[in-house]
Amino acid sequence: MFTPYQASIPSEAELASKALADEGKYRFSSFSASDAVTLGLSIRKRFRGSSRHAKGKGIVISIQTIAGHTLFACTVGDLGGGSGIADVSLDSWTCVESMINVVKRTGHSSYYVEKGMVMGGKTAKQLGNQAEIGVIGGAFPIWLENAHCCPIAVVACYSGSSHDDHHLVETTIRDYLYKQGKNVVNTKPSSESNFGTEMPLPSIPYNQRESTLVYAERRESIASTEWMQEHAQRPHSPYASS
């Protein structure tokens, strides 16, 4: 039976649309090695303050230039203590590299590509990802305001949750730009305690058609779907039929 709670859950198209919109909004006027360290430490601090870390979860963080030069890298947690229970797995860095390669190949966040694959019914192999690890969220492109050819860097983290990892990176970048005076959001940055939690679901039911917010979300969703369909016709598109 259809319930109001089900009506409030964003669809794959809506999640993809939001991820794509965030990529367009969160752009840097410049990005240096110092910025990468500051941003990386912000992600580390916010994850350490989250409930997921308090429950024993670990994370690995990497920031690289689009050419592959490492600007920041760290691990929060251990491979295993006396009990043998690990905060991070042995293949965590392999997962991060796979996510970063997805961004380098497509120019989009791995979360957006993941949702786009679900919408298009594609697999990681069809996308061109030869790694055994599937496409998962957590890697986000760093774009410059005046450079539209390709991202300049990639920020990525892996803790085992595609949804939470994307949310952690995306909100950290958003708040970082806000502190630099960029007008990218209409609200103040989230408190430290809010990081590491799940993405908030829309509070307005989708059946309220008179709501301009709902209309805008649906319009963005349609635009995202049209973008997928348009690029699916291109021979080199990751969503093109084989």
Side-chain angles (χ1 to χ4, degrees), residues 15 19 22 26 31-105 109-115 124 129-142 151 153-177 179 189-200:
L15 291 173
D22 290 341
Y26 306 151
F31 191 76
S32 65
S34 178
D35 293 324
V37 172
T38 302
L39 185 60
L41 289 175
S42 296
I43 295 174
R44 178 182 182 274
K45 178 181 179 181
R46 289 167 174 179
F47 179 78
R48 284 176 56 85
S50 70
S51 59
R52 299 183 70 236
H53 179 59
K55 294 177 181 178
K57 272 289 183 182
I59 197 171
V60 294
I61 305 167
S62 177
I63 302 179
Q64 300 180 13
T65 66
I66 202 68
H69 301 294
T70 300
L71 301 176
F72 178 89
C74 79
T75 301
V76 178
D78 299 304
L79 291 176
S83 63
I85 301 176
D87 298 332
V88 293
S89 63
L90 288 170
D91 64 351
S92 293
W93 286 108
T94 304
C95 293
V96 165
E97 289 299 326
S98 178
M99 293 154 51
I100 290 175
N101 287 335
V102 169
V103 178
K104 289 180 179 179
R105 181 177 178 83
S109 69
S110 58
Y111 189 71
Y112 171 74
V113 176
E114 176 192 9
K115 297 307 174 185
N129 183 27
Q130 301 301 323
E132 295 180 358
I133 303 164
V135 177
I136 52 178
F140 197 94
I142 296 295
V154 184
V155 182
C157 70
Y158 175 78
S159 68
S161 171
S162 174
H163 183 82
D164 292 334
D165 291 344
H166 172 78
H167 182 50
L168 176 62
V169 172
E170 177 261 322
T171 50
T172 303
I173 291 175
R174 181 199 67 188
D175 291 355
Y176 182 82
L177 290 173
K179 291 177 181 178
S190 306
S191 62
E192 298 291 339
S193 61
N194 288 336
F195 283 90
T197 58
E198 294 185 351
M199 280 183 171

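Atom set for the values below is all heavy atoms of this structure, side chains included, hydrogens, waters and symmetry mates excluded.
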Q) Closest heavy-atom contact between Leu71 and Val37? A) O-CG2, 4.0 Å

Q) How far apart are the closest heavy atoms of Asp165 and Arg52, and which atoms are they? A) OD1-NH1, 4.1 Å

Q | Inter-residue atom distance Lys104.NZ - Thr65.OG1, 0.5 Å rounding | A | 6.5 Å

Q. For the residue pair His166 and Phe140, does the interplanar ring angle fall in the parallel (under 30°), tilted (30 to 60°) or perpendicular (over 60°) class?
A. tilted

Q: State, to 0.1 Å, how close Arg46 and Thr172 come at their nearest heavy-atom pair, and which atoms those are.
A: NH1-CA, 3.1 Å

Q. Among Ile61, Ile59, Val96, which residue meets the side-chain contact (heavy atoms from CB on, under 4.5 Å) test with Tyr158?
A. Val96

Q. When rounded to the nearest 0.5 angstrom, what is the spacing between CD1 in Ile43 and CD1 in Ile63?
A. 5.0 Å

Q: Run the numbers on Thr75 and Trp93 for side chain to side chain contact (heavy atoms under 4.5 Å, CB included), then give the verdict.
A: CA-CA 9 Å; Thr75 301; Trp93 286 108; 3.4 Å; yes

**Q.** Considering all heavy atoms, the nearest Ser159-Gly58 contact
**A.** CB-O, 3.3 Å

Q. Would Leu90 and Leu79 count as a side chain to side chain contact (heavy atoms under 4.5 Å, CB included) if you check the C-alpha gap in whole Å, the side-chain angles of each, and the deciding distance to 0.1 Å?
A. CA-CA 7 Å; Leu90 288 170; Leu79 291 176; 3.9 Å; yes

Q) Which pair of heavy atoms, one from Cys157 and one from Met99, lies closest together, and at what distance? A) O-CE, 3.1 Å

Q | Polar side-chain atom of Ser50 near backbone of Phe47 as donor-acceptor pair, under 3.5 Å | A | yes

Q) Between Thr38 (side chain) and Ser34 (backbone), is there a donor-acceptor pair under 3.5 Å? A) yes

(Q) Can you tell me how far apart CZ (Arg174) and CD (Glu170) are? Round to the nearest 0.5 Å. (A) 6.0 Å

(Q) Just verifying a value: how many Å separate Ser110 OG and Lys115 NZ, rounded to the nearest 0.5 Å? (A) 11.0 Å

(Q) Could you go through Ser32 and Asp35, starting from their C-alpha distance and side-chain angles, then the distance that decides it, and tell me whether this counts as side chain to side chain contact (heavy atoms under 4.5 Å, CB included)? (A) CA-CA 5 Å; Ser32 65; Asp35 293 324; 3.1 Å; yes

Q: Could you tell me which non-hydrogen atom of Ser162 sits nearest to which non-hydrogen atom of Tyr111, and how far apart they are?
A: OG-CD1, 3.6 Å

Q: Taking atom types as modelled, find out whether Tyr112 and Asp22 have a side-chain donor-acceptor pair closer than 3.5 angstrom.
A: no

Q. Taking the side chain from Ser62 and the backbone from Ala156, do they hold a donor-acceptor pair closer than 3.5 Å?
A. no

